[in-house]
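Please read the structure below before turning to the comments.
Letters A, B, ... are given to chains in the order of the sequence lines, protein chains preceding strands, and every chain is numbered from 1.
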Number of protein chains: 2
Amino acid sequence: MSTADRLIESTRELLWERGYVGTSPKAILERAGAGQGSMYHHFKGKPDLALAAIRRTAEELLGTAEEVLGGPGTPYERIEAYLLRERDVLRGCPVGRLTMDPDVVASDELRAPVDATIARIRERIARIVEEGKRQGQFAAHLDGEEVAAAVLATVQGGYVLARASGSPAAFDAGVRGLLALLRPAAEDGTTTERDAHVDPAGHGA
Amino acid sequence: MSTADRLIESTRELLWERGYVGTSPKAILERAGAGQGSMYHHFKGKPDLALAAIRRTAEELLGTAEEVLGGPGTPYERIEAYLLRERDVLRGCPVGRLTMDPDVVASDELRAPVDATIARIRERIARIVEEGKRQGQFAAHLDGEEVAAAVLATVQGGYVLARASGSPAAFDAGVRGLLALLRPAAEDGTTTERDAHVDPAGHGA
DNA sequence: GTCTATAGGGAGATAGAC
DNA sequence: GTCTATCTCCCTATAGAC
């Protein structure tokens, strides 16, 4: 791994752990095992290095999300897989946490990849919800964009609840709560008062 | 307002805007119009002052939440009121945002009021959901604690989405999405495939 | 109670040797 | 490309005068 790569990787780790404001060039250099000269040779400064790190993290997160959301299964199952996918809950979201960083939000350049990542995942989920509506798996009155926002918010907010309590349990509870609200009647496993017309094969209504 | 109060208030504002790591005693003193001596006379240091500020903010937030959650209306309406209550969305949650602060999470003392506040609101919402279940307004298979976690997570995560995009729209979308999933069939305003046995008077099944 | 002075260390960046 | 030296300013805290 090149020095520039090591710098980026160290920055990614520190941004995740301590955020932008809490991350100093010195800490990055120590973790990367590099000197100041290396950093200022490859990057213009802290914001420039952070931008490279954020872009890489954003790309990776987008890939991870697409792996699950583009996987097999019904729309509900794919959203379920996204919500239940393995996460390092107490570490939080490496992209979402940046929105709490005043310097990141204040910089259009640093915020752009954060915004783009979240927007793309949200659009992806929205399309899946719309697909589920066409298949009769989700109620017709639901709005894809809105449900997608609720799904994403539950994940991002789940991290907040988990970190507040110091335990991943609250994250899991929120996810289970949302899934229970989202679950098609056919998968309820209960004698339900709901009576959705579900197409179990998932090939459309 | 006493000097100690001005210090606490300035700290509250700065913690909200910039978090713990991003807030320096110097900035606090400037905003409060006080000198270093005042601060170190009334407080042991930055963590001590921050603790006082966090406690006050937590108490205030708890009061605001109880105002809405303890208000009139059916269980659904009270949760709706909580989700739709006026918020300074782009500023985020003054308590929730602290969970992204490494120094706050690392300190049991600073994290305690954050944890307690979120836990209490969650328990309050959970009780309301259970009440709604008894009244037949919410499906019997829902778990109060889980739905409450989903509600809180949607709010906390909504702030993340909003700040990422620089617009409150995403917060509102997430809230609307969750409310659509939570809404009793009787209030759908659509010819629905759901068929819940709702008790419109809200006096129990 | 509040002020100014002082202090050791870190943040963020530049310069120039190798 | 990478290193060390250096620089200025800020961070957090203490001391002691008023």
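- Spacing between atom CZ of A:Phe43 and atom P of D:dT2 amounts to 11 Å, rounded to whole angstrom units.
- Between B:Arg97 and B:Trp16, the shortest heavy-atom distance links the atoms CD-O, 3.3 Å.
- For the pair A:Glu30 CD and C:dG12 P, the computed distance is 13 Å after rounding to whole Å.
- Counting only residues at least two apart or on different chains, the ring-ring contact (aromatic ring centres under 6.0 Å, His included) pairs with a member in residues 144-185 of chain B are B:Tyr159-B:Phe171.
- One can place NZ of A:Lys46 at 18 Å from C1' of C:dT14, the figure rounded to the nearest angstrom.
- Taking all atoms of both residues into account, the shortest heavy-atom contact from A:Ala150 to A:Leu178 is O-CD2, 4.1 Å.
- An OP1 or OP2 oxygen of D:dC3 is reached within less than 4.0 angstrom by no side-chain nitrogen or oxygen of A:His41.
- Crowding of A:Arg55 atom CZ: a count of heavy atoms from other residues, nucleotides or ligands under 6.0 Å not exceeding 12.
- B:Thr3 has a side-chain polar atom (N or O) that falls below the 4.0 Å cut-off from OP1 or OP2 of C:dT2.
- Put simply, CG on A:Leu29 is 11 Å from C1' on C:dG12, counting in whole angstrom units.
- The two residues B:Gly144 and B:Val129 have their closest heavy-atom pair at CA-CG1, 3.7 Å.
- Distances shown here put every side-chain N or O of B:Ser38 at or beyond 4.0 Å from the OP1 or OP2 atom of C:dG1.
- Across every non-hydrogen atom of B:Thr154 and B:Val175, the tightest pair is CG2-N, 4.2 Å.
- The CG-P distance, from A:Leu7 to C:dA13, rounds to 14 Å in whole Å.
- Summarising the geometry, the separation between CG on B:Leu49 and P on D:dC11 is reported as 15 Å, rounded to the nearest angstrom.
- Residue B:Lys26 has its side chain nearest to D:dC10 when only D:dG1, D:dA13, D:dC10 are considered.
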Between N or O atoms, less than 3.5 Å apart, protein on one side and nucleotides 14-18 of chain D on the other: list the pairs.
none

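- Of all the heavy atoms in A:Thr23 and A:Lys46, the pair that sits closest is O-NZ, 2.8 Å.
- Counting non-hydrogen atoms under 4.0 angstrom, A:Thr23 reaches the backbone sugars and phosphates but no base.
- Taking atom CE of B:Met39 as the reference point, atom C1' of C:dC3 lies 15 Å away to the nearest angstrom.
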